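What follows is one structure encoded as structure tokens, with my remarks underneath.
Here the structure is a predicted model, which is why all the values come from computation and not from measurement. Throughout, numbering of the chain's residues begins at 1 and tracks the sequence.
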Amino acid sequence: MNAKEKIEVNGLLRKFFAHSDKNPHGWGMAIIENGSASVEREPVRADRSLYLKNRLTAKLEAGNLLAHIRLATIGLESYSNTHPFSKRDESGRVWTLIHNGTIFESELLSGYQYKQEGNTDSERILLYIVDQVNRHFLEDFSLFEVNARIALLEDIVKRLSPENKLNLIFSDGEYMYVHKNAADTLFVKHTQNAAIFSTKPLDTGKWEEVPENRLLVYRQGQLLHTGRRHPYAYVEDPEKVKLLFMNYAGL
């Protein structure tokens, strides 16, 4: 969720976390404000988490919120593999990311398996983004204003999309970035002051499918930028998925 001002999110989160029966391998959320991210997560099915149940009994408000329920594909069920992932760049900006998808092929990410805390492909995406941001920031700080940052991020999602399912929502503490390349896998509901995203509509309100194969940029609940469409749509190949899991399991 990306909103103009803080709103109560208890009801929204209860609806979202109610889907944990099909995504049982962990839950997490991050409230993003004042350039920082407060991340809470557990490798526990959300509707069985006593901590989460107690957390949602008190009024919870947020302007920028990321929430995730995990269906594990790559990476064990553990705290370090539970979304959201968060990392600070060289400028002090905090990046926070959630991912719904799988990386099948990417030499760009393979080296991060030796640097990450867990072993998910999703964490590698964040590490790659932050590394690219740092490289551009250190090369020429004066050029790294928001339009240059958006151009860099558009290039990154285009590089990572071929052969991969890259449904991402991530934040730099000021802007929220949304990308999907698989049909019927991410929807948005716009209200007067907020944009709310979900893999599936959470209520009977007006939900629209998020445009495919392009980076969207939001700030204070408003769509500020719609990126150029790239050609790398993801279509699931059951044999490819099976091979990936067998390789991961060492079979």
Quick one about [Y] and [X] (side-chain donor to acceptor, distance below 3.5 Å, no hydrogens or angles considered), yes or no?
| X | Y | value |
| --- | --- | --- |
| Ser91 | Asp89 | yes |
| Ser80 | Glu117 | no |
| Asn2 | Tyr175 | no |
| Asn81 | Ser78 | yes |
| Tyr112 | Glu123 | no |
| Gln116 | Arg124 | yes |

Any chain of hydrophobic side-chain contacts (each under 4.5 Å) joining [X] to [Y]?
| X | Y | result |
| --- | --- | --- |
| Val146 | Val133 | yes |
| Leu52 | Val9 | yes |
| Ile32 | Met1 | no |
| Val217 | Ile169 | no |
| Leu216 | Ile129 | no |

Identify the two heavy atoms, one from [X] and one from [Y], that lie closest to each other, and give their separation to 0.1 Å.
| X | Y | value |
| --- | --- | --- |
| Lys115 | Asp131 | NZ-OD2, 4.3 Å |
| Ala30 | Thr96 | CB-CG2, 3.9 Å |
| Ile31 | Leu65 | CG1-CD1, 3.9 Å |
| Phe16 | Ser198 | CD1-OG, 4.4 Å |
| Asn167 | Ala182 | OD1-N, 3.8 Å |
| Asp121 | Gly101 | OD2-O, 4.4 Å |

For residues [X] and [Y], determine if any side-chain heavy atom of one lies less than 4.5 Å from a side-chain heavy atom of the other.
| X | Y | result |
| --- | --- | --- |
| Ser86 | Val94 | yes |
| Phe170 | Leu66 | no |
| Trp27 | Glu42 | yes |
| Leu202 | Lys200 | no |
| Leu153 | Val157 | no |
| Leu13 | Leu56 | yes |
| Leu168 | Ile98 | no |
| Val178 | Val210 | yes |

- Task: Start with the C-alpha distance between Val44 and Tyr51, add both sets of side-chain angles, then the distance that settles side chain to side chain contact (heavy atoms under 4.5 Å, CB included), and finish with yes or no.
- Result: CA-CA 10 Å; Val44 174; Tyr51 174 86; over 6 Å; no
Those residues at least two apart in sequence (or on a different chain) that pass ring-ring contact (aromatic ring centres under 6.0 Å, His included) with His230 are His179, Tyr232
If we ignore hydrogens and angles and just use 3.5 Å, is the side chain of [X] paired with the main-chain N or O of [Y] as donor and acceptor?
| X | Y | value |
| --- | --- | --- |
| Asp203 | Gly205 | yes |
| Gln222 | Leu224 | no |
| Gln113 | Ser110 | yes |
| Thr102 | Phe104 | no |
| His190 | Ala195 | no |
| Asp172 | Glu174 | yes |
| Arg93 | Ser36 | no |
| Asn181 | Lys165 | no |

message = A quick test of your reading: do over 12 heavy atoms of other residues, nucleotides or ligands sit less than 6.0 Å from CD of Glu139?
response =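 Check passes, neighbour count above 12.
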What do you reckon, is CZ of Arg229 surrounded by more than 12 foreign heavy atoms closer than 6.0 Å?
->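 More than 12 heavy atoms, drawn from other residues, nucleotides or ligands, come within 6.0 Å of this atom.
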- Geometric class of the His68/His83 ring pair [parallel <30°, tilted 30-60°, perpendicular >60°]: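 Aromatic pair His83/His68 classed parallel.
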Do [Y] and [X] meet the salt-bridge criterion of a basic N to acidic O distance under 4.0 Å?
| X | Y | result |
| --- | --- | --- |
| Glu212 | Arg214 | no |
| Lys6 | Glu33 | yes |
| Lys180 | Glu209 | yes |
| Asp47 | Arg45 | yes |
| Glu154 | Lys158 | no |
| Asp155 | Arg159 | yes |

#### Entry: side chain to side chain contact (heavy atoms under 4.5 Å, CB included) evaluation trace for Leu97 with His99
CA-CA 7 Å; Leu97 175 145; His99 173 219; 4.1 Å; yes
(request) Any chance you could lay out the side chain to side chain contact (heavy atoms under 4.5 Å, CB included) test for Leu186 and Asn100, step after step, and finish with the verdict? (result) CA-CA 9 Å; Leu186 190 61; Asn100 177 11; over 6 Å; no
Would you say the ring centroid of Phe197 lies under 6.0 angstrom from that of Tyr218? yes
inquiry  = Just verifying a value: how many Å separate Leu126 CG and Trp95 CH2, rounded to the nearest 0.5 Å?
reply    =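 Rounded to the nearest 0.5 Å, the CG-CH2 separation comes to 9.0 Å.
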So CG of Leu108 and CG of Leu160: to nearest 0.5 Å the spacing works out to 6.0 Å
Verdict with reasoning, Arg41 to Phe85, per side chain to side chain contact (heavy atoms under 4.5 Å, CB included): CA-CA 10 Å; Arg41 54 185 184 170; Phe85 301 99; 3.8 Å; yes
